[in-house]
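Remarks on the structure that follows.
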Amino acid sequence: MTDSANNASVCFHDYAPEQGDFLSDVMQGFSNQQKSISPKYFYDQRGSELFDEICRQPEYYPTRTEISILQSNAEDIARLIGPDCVLIELGSGVSEKIRLLFDVLSPASYLGVDISKDFLLLSTKRLARDYPELEVHAVCADFCHQLELPAQCQSDRLVAFFPGSSIGNFEPDDAVRFLKEVATMVGRGGKLLIGVDLKKDSDILNSAYNDAAGVTADFNLNILQRMQQELDVNIDMSSFNHRAFYNEELGRVEMHLVSQCEQVVVVEGEEIPLIANETIHTENSYKYHLGEFADLSALAGFRVEQIWTDAQKLFSVQCLVVG
Ligand code: AVI
């Protein structure tokens with residue numbers, strides 16, 4: 001970060017939860033018939049870098065498609081949302097997409113919400129430097145479980161922004177629960193601008209999660225690396241392979257780590273046997289038909305106000321309104 005960004009003025013609000021218990025989550029996930037690790041553990045420093053790299057892979061269409069939808073429809077989006085809103089970005093990360101909206105939206109203030117404090121401060125300070133007229137708030141919180149707005153950000157013009165189709169990483173029931181919380185946060189008449197990945201030809205999906213450069217494979221395997229770094233684990237990473245495939249019946253891309261042989265993984269002294277070809281399930285990424293997502297939003301109290309898609313209907317950006 002440059003000095004100028006370092007000095008930029010950001011109101012910081014720390015609602016960070018207690019550190020989650022990686023060990024007990026791993027032990028819990030390994031005790032099930034289908035072994036699993038929560039995808040939230042992908043995003044350590046290396047995992048976040050690998051995810052950025054995934055977004056630049058030619059096969060991974062969601063990022064560039066969403067950006068082009070936002071670019072082509074920025075004026076239309078601004079007209080629908082209107083000026084002077086309080087814009088709340090959930091999982092703000094590097095905050096690149098929000099910049100596409102700032103010039104046309106003229107929000108009264110911006111609130112970036114993210115669990116990763118360092119990332120959040122870096123990105124919000126850069127925004128405060130680049131948009132000096134804008135009031136910028138940084139809220140460090142796990143927005144999946146707790147959506148609390150600082151008192152000075154309350155407004156009757158609240159608009160949440162949740163890009164990237166991260167909603168696809170929730171199980172559908174959890175997605176409804178989460179959207180309900182967003183609806184409560186923005187209140188009646190409040191809006192949510194959300195990126196939603198769409199159902200499509202399985203070949204496109206299978207290559208998006210199996211890029212030729214092997215970045216998604218590295219991203220998936222990095223979760224084992226993280227276990228090795230942060231826990232007392234004895235695991236031979238070279239004995240696992242990446243597997244990702246579209247599960248047509250369940251409408252989701254599944255990612256797994258496949259054990260190449262019969263082996264025993266030792267976690268904090270506990271022996272966990274795996275047979276050859278047994279998998280550890282690491283992620284689901286649900287894809288929706290427009291009608292399916294409208295039904296899911298309605299269960300959470302949202303009405304679809306407008307949908308923008310690309311010409312191939314790969315991805316959608318949707319404006320939902322409460323009530
Ligand atoms: C963050 N999330 C929306 C990504 C997705 O497509 O489900 C995570 C990802 N996993 C593999 N590639 C990208």
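One-based numbering, in listed order, for ligands and for the atoms of each.
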> Could an N or O of ligand 1 be found under 3.5 Å from any N or O of E283, whether backbone or side chain?
Replying inline: yes
> So, is S166 polar-close to ligand 1, with some N/O to N/O distance under 3.5 Å?
Replying inline: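 Among all N and O atoms of S166, none is under 3.5 Å from an N or O of ligand 1.
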Whether [X] lies under 4.0 Å from ligand 1, heavy atom:
X: Y43; result: yes
X: G164; result: yes
X: F42; result: no
X: S165; result: yes

>> Just to confirm my output: which protein heavy-atom neighbour is closest to atom 7 (O) of ligand 1, and how far is it?
In response: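 Nearest protein contact, heavy atoms only, for atom 7 (O) of ligand 1 is S285 OG, 2.7 Å.
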Test item: side-chain donor near acceptor, [X] and [Y], under 3.5 Å:
X: N284; Y: R252; value: yes
X: S9; Y: E135; value: no
X: Q57; Y: E53; value: no
X: S116; Y: Y43; value: no

> Does E283 offer a backbone N or O that forms a donor-acceptor pair with the side chain of N169 under 3.5 Å?
Replying inline: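 Side chain of N169 to backbone of E283, a donor-acceptor pair under 3.5 Å: no, none is there.
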> Should you measure from each heavy atom of Y60, which atoms of ligand 1 turn up under 4.0 Å away?
Replying inline: 4 (C), 5 (C), 6 (O), 12 (N), 13 (C)
>> Within the 4.0 Å heavy-atom shell around F219, which atoms of ligand 1 are there?
In response: 10 (N)
> Applying a 4.0 Å heavy-atom criterion (strictly less than), which segment of N169 is in contact with ligand 1: side chain, backbone, both, or neither?
Replying inline: side chain
> Of all residues at least two apart in sequence or in a different chain, which pass the side chain to side chain donor-acceptor pair (under 3.5 Å) check with T216?
Replying inline: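 Per chain and number, T216 pairs via side chain to side chain donor-acceptor pair (under 3.5 Å) with D211.
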> Does the pair Q28 and S36 meet the rule for a side-chain hydrogen bond (donor to acceptor under 3.5 Å, both in side chains), with working shown?
Replying inline: CA-CA 9 Å; Q28 169 71 41; S36 64; over 6 Å; no
